[in-house]
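Only one structure is covered here, and it is reproduced in the block below.
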Amino acid sequence: MKSHTKYLTFNTPKRRTLVRITDEAAECCRDSGIKEGMLLVSAMHITAGVFINDDEKGLLEDYARWLEKLAPSDASPDRYHHNRTGEDNGDAHHKRQIMGREVVVAITRGKLDFGPWEQIFYGEFDGRRAKRVLIKVLGD
Amino acid sequence: MKSHTKYLTFNTPKRRTLVRITDEAAECCRDSGIKEGMLLVSAMHITAGVFINDDEKGLLEDYARWLEKLAPSDASPDRYHHNRTGEDNGDAHHKRQIMGREVVVAITRGKLDFGPWEQIFYGEFDGRRAKRVLIKVLGD
Amino acid sequence: MKSHTKYLTFNTPKRRTLVRITDEAAECCRDSGIKEGMLLVSAMHITAGVFINDDEKGLLEDYARWLEKLAPSDASPDRYHHNRTGEDNGDAHHKRQIMGREVVVAITRGKLDFGPWEQIFYGEFDGRRAKRVLIKVLGD
């Protein structure tokens with residue numbers, strides 16, 4: 001069994017951004033030399049997520065508006081008790097639960113085994129500081 | 001280390017359907033000959049998902065109504081900018097984020113290591129065309 | 001390839017509780033002797049979930065209130081057809097879909113490869129009876 005580990009660092013200029021990271025994951029898959037296995041991509045911070053969907057500008061706008069509706073930004077400690085700690089990012093912890101922390105992707109014949117439109121995204125919900133994503137490959 | 005890969009194809013007559021696929025996953029587990037490992041089941045299309053819950057008719061109706069409330073069907077490009085592309089399935093991309101893209105199931109002593117009520121479902125949110133699900137088994 | 005399996009049992013006095021289980025997962029990682037691999041933690045019951053986020057009291061209260069808003073408790077069969085079966089836990093099946101059934105964690109150099117604040121939680125949404133969580137470790 002082989003394994004391979006890589007860390008990506010993001011420091012997004014905007015507080016909330018969705019960043020396509022399929023190429024970084026594919027590169028990690030190639031570097032691993034693994035032909036059959038699984039690749040895990042996970043956010044290492046709890047106000048960010050990783051998900052797979054379409055790389056379409058309108059959809060990414062839709063997600064941003066939808067998440068704002070499901071878990072509105074609100075720095076006050078009334079809506080989010082979490083903000084009693086002095087934080088103002090309670091909403092980000094909720095947005096990430098909707099979009100997910102991690103994805104697991106199959107590797108088949110040395111490649112990410114994707115359908116036609118699958119793209120991996122890093123979902124940053126409280127950026128403007130360095131945050132990491134882990135990629136782990138396991139297989140043979 | 002052994003691995004085994006299988007693709008299922010669904011072409012559901014209705015736009016939205018929840019289809020139980022536990023038997024297909026269990027068959028793939030048996031075919032792999034793997035005794036200890038993990039099984040990944042993932043939707044290969046971004047308007048469909050895979051999740052684990054109860055095979056109970058009322059609950060499946062509840063999920064359908066609930067998803068419709070959280071991400072209503074609406075072909076117009078006003079609610080979903082994604083529909084500016086000419087698509088009318090913006091809602092399906094959102095419904096799938098709630099239910100999830102994939103599940104990872106433990107294999108123990110050659111079987112899916114499930115609790116008493118766990119059943120795997122394919123969640124189709126924009127059907128009436130051929131779409132694929134991937135099953136990948138890894139282990140020994 | 002090595003593997004290791006462990007089952008945890010929870011019988012929470014309250015119907016809804018979020019329980020930190022990072023230490024149990026870390027212990028299972030150590031017991032496995034696996035240096036490079038993946039660890040799966042999954043709820044074996046369909047009215048409970050497993051997720052990773054911050055161990056902060058205010059945030060855990062926020063999640064409880066937020067889930068109640070997204071999927072309100074309601075024993076009647078009107079809101080949840082699932083309750084026509086005689087059950088009263090339709091809401092719990094929905095809450096678990098939001099928070100997730102499982103997490104997959106990378107193991108690197110023999111340890112759970114976590115960011116600074118990542119903690120694993122068992123999310124119980126219909127407790128007061130014995131329910132199990134599965135931990136499976138795979139790697140070398």
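Proteins get letters first, then strands, A, B, ... in listed order; numbering begins at 1 in each. Keep in mind that this is a model prediction, so the values were computed, not measured.
Heavy atoms of L40(A) lying under 4.5 Å from chain C belong to its backbone as well as its side chain. Contacts of E61(C) with chain A are made by side-chain atoms alone, with heavy-atom separations under 4.5 Å and no backbone atom involved. In this structure, the portion of T85(A) lying under 4.5 Å from any heavy atom of chain C is its side chain and not its backbone. Within the 4.5 angstrom heavy-atom criterion, only side-chain atoms of S3(A), from C-beta onward, approach chain C.
The candidate from F51(C), Y63(C), F114(C), W117(C) with the greatest count of non-hydrogen atom pairs under 4.5 Å with chain A is Y63(C). Per-residue counts of heavy-atom pairs under 4.5 Å with chain A were compared for D140(C), L59(C), N53(C), I107(C); the largest is that of N53(C).
V105(C) places none of its side-chain heavy atoms less than 4.5 Å from the side chain of E102(A). Counting heavy atoms from C-beta on, the side chains of K136(A) and E36(C) come closer than 4.5 Å.
Residues L70(C) and L70(A) come closest through the heavy atom pair CD2-CD2, 4.0 Å.
Listed in order of number, the residues of residues 86-98 of chain C that approach chain A to under 4.5 Å between heavy atoms are I98(C).
Counting non-hydrogen atoms of neighbouring residues, nucleotides and ligands closer than 6.0 angstrom, the CZ atom of R109(C) reaches no more than 12 such neighbours.
Under a 3.5 Å cut-off, the side chain of R101(A) and the backbone N or O of V104(C) do form a donor-acceptor pair.
Note that CG of L138(A) and CE of M1(C) are 8.5 Å apart. Values are rounded to the nearest 0.5 Å. Taken to the nearest 0.5 Å, the NE2 atom of H82(A) stands 13.5 Å off from the NZ atom of K57(C). In this structure, CZ in R79(A) is found 12.5 Å from CH2 in W66(C), a value given to the nearest 0.5 Å.
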